[in-house]
Amino acid sequence: MIISFDLDDTLIPGTKKFETEKQTILHRLLGLETIRFGTIDLFKELRNKGHRIYIYTTSFRSTTKIRLMFFFYGIPIDTAINQQRHDKRLGENRRRTSKFPPAFGIDVHIDDSPGVRIEGERFNFKTVIIDEHDTHWEQTILKGL
Ligand SMILES: [Mg+2]
């Protein structure tokens with residue numbers, strides 16, 4: 001299965017706050033962001049189960065920087081999709097939905113936004129929505145696949 005993850009407020013704290021993984025010296029030197037506590041174990045488990053992991057964000061972070069961030073946590077991702085890649089792939093339809101995972105072959109998308117859940121219902125793609133206070137969020141994802 002191909003599983004994609006949102007970044008802001010899902011894996012990276014912003015307006016929503018949660019505990020994060022320890023940063024390495026390399027992360028600090030390269031100015032990379034911290035990720036939600038539990039992400040490392042979760043990504044490793046998903047890999048062991050044979051899944052592929054994508055990042056799908058509506059931010060304009062560079063795909064290289066996104067890849068590096070996960071690489072230096074020891075959990076390289078398969079693909080990073082940012083707003084530019086979304087716009088390019090969706091073309092005229094780029095504003096119909098904020099995200100459209102099927103355009104990238106994604107089977108299930110993980111996000112914090114109830115709006116994305118509604119888009120999924122309307123445009124027929126599968127989502128798992130994670131609450132910032134969900135301390136068993138990894139389990140919520142594994143059960144929701
Ligand atoms: Mg988000």
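Counting starts at 1 for both ligands and their atoms, following the listed order.
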* Counting only heavy atoms not in Phe104, do more than 12 fall under 6.0 Å of its CZ? -> yes
* Asked: Can Lys126 and Asp107 be counted as an ion pair, charged N to O under 4.0 angstrom?
  -> no
* Salt bridge or not for Asp8 and Arg61, using N-O below 4.0 Å? -> yes
* Compute the centroid of each ring, for Phe43 and then for Phe5, and state whether the two points are separated by less than 6.0 Å. => yes
When you measure from the Mg ion (ligand 1) to each N, O or S atom of [X], which atom gives the shortest distance?
X: Asp112; value: OD1
X: Asp6; value: OD2
X: Asp8; value: O

